[in-house]
2 protein chains.
Amino acid sequence: MELFCREYRYSLDAKNRLAIPAKYREILGETFIITRKLDPCLAIYTHEEWQKYSDKIKALPDSVAMELKEFIFPKTLVAEPDSQGRVIIPGDLKDHAQLDKNAVIIGVGDHAQIWSEALWEEREKKRDLASLRELMRQLGL
Amino acid sequence: MELFCREYRYSLDAKNRLAIPAKYREILGETFIITRKLDPCLAIYTHEEWQKYSDKIKALPDSVAMELKEFIFPKTLVAEPDSQGRVIIPGDLKDHAQLDKNAVIIGVGDHAQIWSEALWEEREKKRDLASLRELMRQLGL
DNA sequence: CTTCGTTTGCCCACTTTTCCCCACGTTTTA
DNA sequence: TAAAACGTGGGGAAAAGTGGGCAAACGAAG
């Protein structure tokens with residue numbers, strides 16, 4: 001079972017290259033999809049997971065989902081890591097995730113996310129355990 | 001799977017020539033279709049996608065869709081990029097999209113769009129993230 | 001019919017960006 | 001302890017985008 005888990009801390013170099021964890025590359029294969037989320041972070045999908053995700057969006061008529069398509073597709077790329085396992089993060093995606101030198105790559109089950117270290121740590125700090133506890137109770141977990 | 005994604009910033013030169021991203025030219029082939037949208041922008045289709053799109057319009061009876069046909073077909077052309085991968089944007093289409101020197105070409109899945117940089121950035125700024133979030137929630141994304 | 005001026009298409013050249021490869025130091029594995 | 005793998009940095013070659021020039025084609029005016 002392919003599962004993205006653990007978090008990794010890497011750095012963006014002067015050429016905006018970011019290493020992808022070797023463990024994730026094994027899952028992802030030769031190429032994979034990087035896109036943006038509504039939150040200030042990026043998402044990494046396998047082609048397979050991306051297909052499921054994007055098919056739902058493409059199936060919608062433009063009249064209701066043009067904005068969504070405009071939000072997602074222009075910020076989506078097929079990433080080909082170089083021989084060292086790095087991908088180039090384009091400027092616009094870097095801006096969206098507010099990335100500087102220090103980035104965190106986290107696995108969240110069916111995909112992975114790229115966060116700026118600062119934003120990620122802030123998010124961890126603000127986490128409301130009480131509401132999570134309540135959510136799990138409602139879900140019967 | 002042919003997918004238009006990413007955004008590119010190019011400039012219209014003094015001869016109204018606009019470069020088409022090399023990635024898109026690979027998808028589009030030798031020639032392709034440029035038309036206008038209701039929004040102040042232009043659309044680029046492969047012949048295949050254009051066929052699907054225009055067939056739907058042509059199938060409509062004139063009694064309900066004459067205005068739509070008048071809007072679209074006179075402003076549609078078969079574009080042949082020059083040896084450097086540029087196409088000439090006719091004056092009327094340039095006016096429709098309010099293009100000046102700086103243009104943005106965005107991929108939105110099944111086709112691409114040409115925007116003036118100013119209009120595109122305004123649109124990006126005005127985007128209603130809350131409604132996008134709601135739409136994605138409904139889709140289960 | 002000729003001439004002039006504009007437009008159109010093709011080609012060349014420059015600049016920037018992107019891509020690919022090699023090398024170093026640290027960490028993990030056998 | 002040696003070897004392999006991994007993350008990081010940088011240089012050189014190739015490609016892509018941009019601008020300008022030249023000649024053929026076209027249309028208007030003389």
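First the proteins, then the strands, lettered A, B, ... as listed; each starts at 1. Quick caveat, the model's predicted, so the values are computed rather than measured. We use all heavy atoms of the structure for the numbers below, so side chains are in, but hydrogens, waters and symmetry mates are not.
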Exercise. Does a side-chain N or O from B/Ser11 land closer than 4.0 Å to OP1 or OP2 of D/dG19, or not?
Worked result: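 For D/dG19, OP1/OP2 do have a side-chain N/O of B/Ser11 under 4.0 Å.
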Problem set entry | D/dG19 phosphate, OP1 or OP2, under 4.0 Å from B/Lys101 side-chain N/O |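 Result: yes.
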If I take atom [atom1] in residue [X] and atom [atom2] in nucleotide [N], what distance separates them, rounded to the nearest angstrom?
X	N	atom1	atom2	answer
A/Asp13	C/dT18	CG	C1'	14 Å
B/Leu12	D/dT18	CG	P	10 Å
A/Tyr24	D/dC6	OH	C1'	16 Å
B/Lys15	C/dT7	NZ	P	12 Å
B/Gln84	D/dA16	CD	C1'	10 Å
B/Ile20	D/dG17	CD1	P	10 Å
A/Asp82	D/dG11	CG	P	16 Å
A/Ile88	D/dA15	CD1	C1'	13 Å

Does any donor-acceptor pair link the side chain of [X] with the base of [N] at a separation under 3.5 Å?
X	N	answer
B/Arg17	C/dG9	no
A/Glu80	C/dC20	no
B/Arg86	C/dG9	no

Problem set entry | Under the side-chain hydrogen bond (donor to acceptor under 3.5 Å, both in side chains) test, residues paired with A/Asp100 that sit two or more places apart |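 In terms of side-chain hydrogen bond (donor to acceptor under 3.5 Å, both in side chains), with neighbours along the sequence ignored, A/Asp100 is linked to no residue.
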For this session: Take atom CD of A/Gln138 as the centre, draw a 6.0 Å sphere, and report whether it contains more than 12 heavy atoms from other residues, nucleotides or ligands.
Result: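 Correct, the count exceeds 12.
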Problem set entry | Geometric cation-pi criterion, A/Arg127 with A/Trp120: 6.0 Å, 45° |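 That pair qualifies as a cation-pi contact.
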For this session: Have a look at A/Arg9 and say if it touches a base, only the backbone sugar-phosphate, or nothing, with a 4.0 Å heavy-atom cut-off.
Result: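 Since no nucleic acid heavy atom lies under 4.0 Å of A/Arg9, the category is nothing.
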For this session: May I ask whether B/Leu132 and A/Phe73 are part of the same hydrophobic cluster, defined by side-chain heavy atoms of I, L, V, M, F, W, Y residues being less than 4.5 angstrom apart, directly or through others?
Result: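 Result: yes, single cluster for both.
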For this session: Is it possible for you to say whether B/Leu12 and B/Ile114 belong to one hydrophobic cluster, with membership spreading through side-chain heavy-atom contacts below 4.5 Å?
Result: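 Yes; B/Ile114 is reachable from B/Leu12 via cluster members.
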For this session: Could you tell me whether the side chain of B/His96 and the main chain of B/Leu42 form a donor-acceptor pair under 3.5 Å?
Result: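 Not confirmed, B/His96 side chain does not pair with B/Leu42 backbone.
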For this session: May I ask you to decide if A/Val78's main-chain N or O and B/Arg6's side chain share a donor-acceptor pair within less than 3.5 Å?
Result: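 Flag not set: sc B/Arg6 to bb A/Val78 has no pair under 3.5 Å.
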For this session: Using five base pairs at each end, measure the axis-to-axis angle across the helix from C/dC1-D/dG30 to C/dA30-D/dT1 and round it to 10 degrees.
Result: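 Axis angle across the helix from C/dC1-D/dG30 to C/dA30-D/dT1, nearest 10°: 30°.
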